[in-house]
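Basis for what follows: all heavy atoms, side chains included, without hydrogens, waters or symmetry-related copies. For clarity, every value in this text was computed on a predicted model and none was experimentally measured. Every chain is numbered from 1 and lettered A, B, ... according to where its sequence line falls, protein lines coming before strand lines.
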Amino acid sequence: MSEVVKNRPRYGVMRLIDATGYRLPLAGIVSILHRISGMLMFLLLPFILFLLDKSVTSEVSFAELQALTSGVFVKLVILALVWAFLHHFCAGVRHLIMDLHYGLDKHTARKSAVGVLTVSLVLSALVALKLFGVF
Amino acid sequence: MANNNIGPKRLVVGAHYGLRDWLAQRVTAIVMAVYTVLLLVLFLAGSNFTYEGWAGVFAHQWFKLATFSVVICLLYHAWVGMRDVWMDYVTHSVVARMVFQVATILWLVASAGYAAQILWRV
């Protein structure tokens with residue numbers, strides 16, 4: 001390959017750092033959070049399975065799980081996972097509806113993005129209150 | 001040799017690139033969403049939030065099989081999603097992207113194995 005071809009700027013190939021330069025609309029925020037929440041659940045999948053393992057294996061492991069999850073750090077990790085699931089679920093449903101060509105115009109898309117953020121954050125807040133023993 | 005793969009007759013969808021995965025990601029999403037609702041209903045229907053109540057849900061063979069099917073759906077769904085992430089962000093080295101992709105597959109297959117072990121131990 002000639003030097004000219006090699007040094008040609010690679011248009012359309014963006015680096016992760018470039019992504020921080022954009023001001024996203026609400027639908028864009030929902031979209032990137034969909035990706036981040038998915039990656040978070042992918043990375044913590046063995047931890048989620050570990051929790052399931054402890055919860056179903058025996059009464060002893062169930063008690064161990066209760067002790068383990070009484071720690072603040074573990075509670076925060078679980079809360080992050082709960083938010084990730086709720087956001088991914090709601091944004092995914094929005095995605096599926098849009099795949100059927102509903103709500104594609106700018107105004108409706110913005111409203112559904114607000115809906116996704118509202119529902120996932122309110123439900124996460126309720127889980128947080130429950131986790132930290134407010135009710 | 002003449003290159004006929006140019007112009008309006010260029011073959012761009014020879015192996016159905018993308019469509020199958022696009023569809024699979026959505027189908028698996030629906031399966032997982034239905035399972036989530038089912039699990040919530042079963043959990044909330046049992047009035048006792050104890051070990052017996054919770055482990056009882058996973059005691060039935062049909063529920064183990066349903067859960068395992070959902071794990072396989074999750075494996076494929078997460079594979080498509082993570083592959084998209086690597087394709088979008090790891091753009092400067094084909095080798096690096098392949099390492100991430102292989103690591104993703106191993107991570108998911110190992111997780112599915114762990115899930116099977118948990119399910120049939122109850």
Side-chain angles (χ1 to χ4, degrees), chain A residues 6 9-20 31-66 69 82 84-86 88-100 123 127 130, chain B residues 22-23 25-30 32-37 39-40 43 49-59 63-64 67 71 74-75 77-92 100 103-104 106-122:
Chain A
K6 254 191 215 164
R10 307 212 306 156
Y11 293 111
V13 179
M14 134 183 198
R15 291 165 306 154
L16 193 52
I17 194 80
D18 300 331
T20 56
S31 176
I32 194 65
L33 288 178
H34 193 202
R35 180 161 270 195
I36 290 169
S37 57
M39 287 172 75
L40 183 71
M41 288 186 289
F42 166 79
L43 286 173
L44 292 184
L45 187 55
F47 176 67
I48 298 165
L49 288 169
F50 168 76
L51 294 180
L52 176 68
D53 188 2
K54 285 278 172 193
S55 74
V56 296
T57 299
S58 69
E59 289 194 29
V60 176
S61 70
F62 190 80
E64 283 170 5
L65 179 69
Q66 283 178 319
T69 52
V82 167
F85 185 85
L86 288 168
H88 208 82
F89 188 100
C90 296
V93 169
R94 175 173 179 268
H95 228 311
L96 287 170
I97 293 169
M98 288 177 125
D99 282 341
L100 298 172
L123 287 177
V127 172
K130 183 76 185 163
Chain B
W22 180 90
L23 195 59
Q25 197 174 40
R26 275 134 189 95
V27 171
T28 52
I30 292 167
M32 289 188 288
V34 170
Y35 177 83
T36 303
V37 175
L39 184 62
L40 260 180
F43 176 65
F49 298 117
T50 58
Y51 170 72
E52 286 84 22
W54 176 242
V57 174
F58 289 89
F63 197 74
K64 288 180 205 285
T67 307
V71 169
L74 190 144
L75 185 152
H77 186 91
W79 159 244
V80 176
M82 289 308 293
R83 194 204 52 183
D84 285 350
V85 168
W86 303 136
M87 285 199 297
D88 281 353
Y89 302 135
V90 187
T91 51
H92 289 265
F100 279 116
T104 301
L106 295 176
W107 188 257
L108 287 168
V109 171
S111 295
Y114 183 26
Q117 185 195 26
I118 295 165
L119 283 169
W120 275 279
R121 200 163 53 192
V122 182

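Remark: of the listed residues Ile118(B), Val57(B), Leu119(B), Ile118(B) is the sole one forming a side chain to side chain contact (heavy atoms under 4.5 Å, CB included) with Val56(A).
In this structure, the separation between CD on Gln117(B) and OG1 on Thr57(A) is 8.5 Å, given to the nearest 0.5 Å. How far CZ of Arg35(A) is from OH of Tyr89(B): 4.0 Å, rounded to the nearest 0.5 Å. To the nearest 0.5 Å, the span separating CZ on Phe85(A) from CE on Met32(B) amounts to 8.0 Å.
Side-chain atoms of Trp107(B) do not come within 3.5 Å of backbone N or O of Leu45(A) as any donor-acceptor pair.
Contact annotation for Trp79(B): neither backbone nor side-chain heavy atoms come within less than 4.5 Å of a heavy atom of chain A. Interface remark: Leu43(A) contributes backbone atoms only to the contact with chain B (heavy atom separation under 4.5 Å). Looking at Leu96(A), the atoms closer than 4.5 Å to chain B (heavy atoms on both sides) all sit in the side chain, from C-beta outward. Only the side chain of Thr36(B) has a heavy atom closer than 4.5 Å to any heavy atom of chain A.
Considering only heavy-atom pairs separated by less than 4.5 Å from chain B, the leading option among His95(A), Glu59(A), Met41(A), Met39(A) is Glu59(A). Put simply, of Ala63(A), Ser61(A), Ser55(A), the one with the most heavy-atom pairs under 4.5 Å next to chain B is Ser55(A). Interface summary for chain A: among Ala59(B), Gly56(B), Ala33(B), the most heavy-atom pairs under 4.5 angstrom belong to Ala33(B).
Looking at Tyr114(B) and Leu52(A), their side chains never come closer than 4.5 Å, going by heavy atoms from C-beta outward. No side-chain heavy atom of Val85(B) sits less than 4.5 Å from a side-chain heavy atom of Phe42(A).
A salt bridge links Arg121(B) with Asp53(A): at least one charged nitrogen is closer than 4.0 Å to a carboxylate oxygen.
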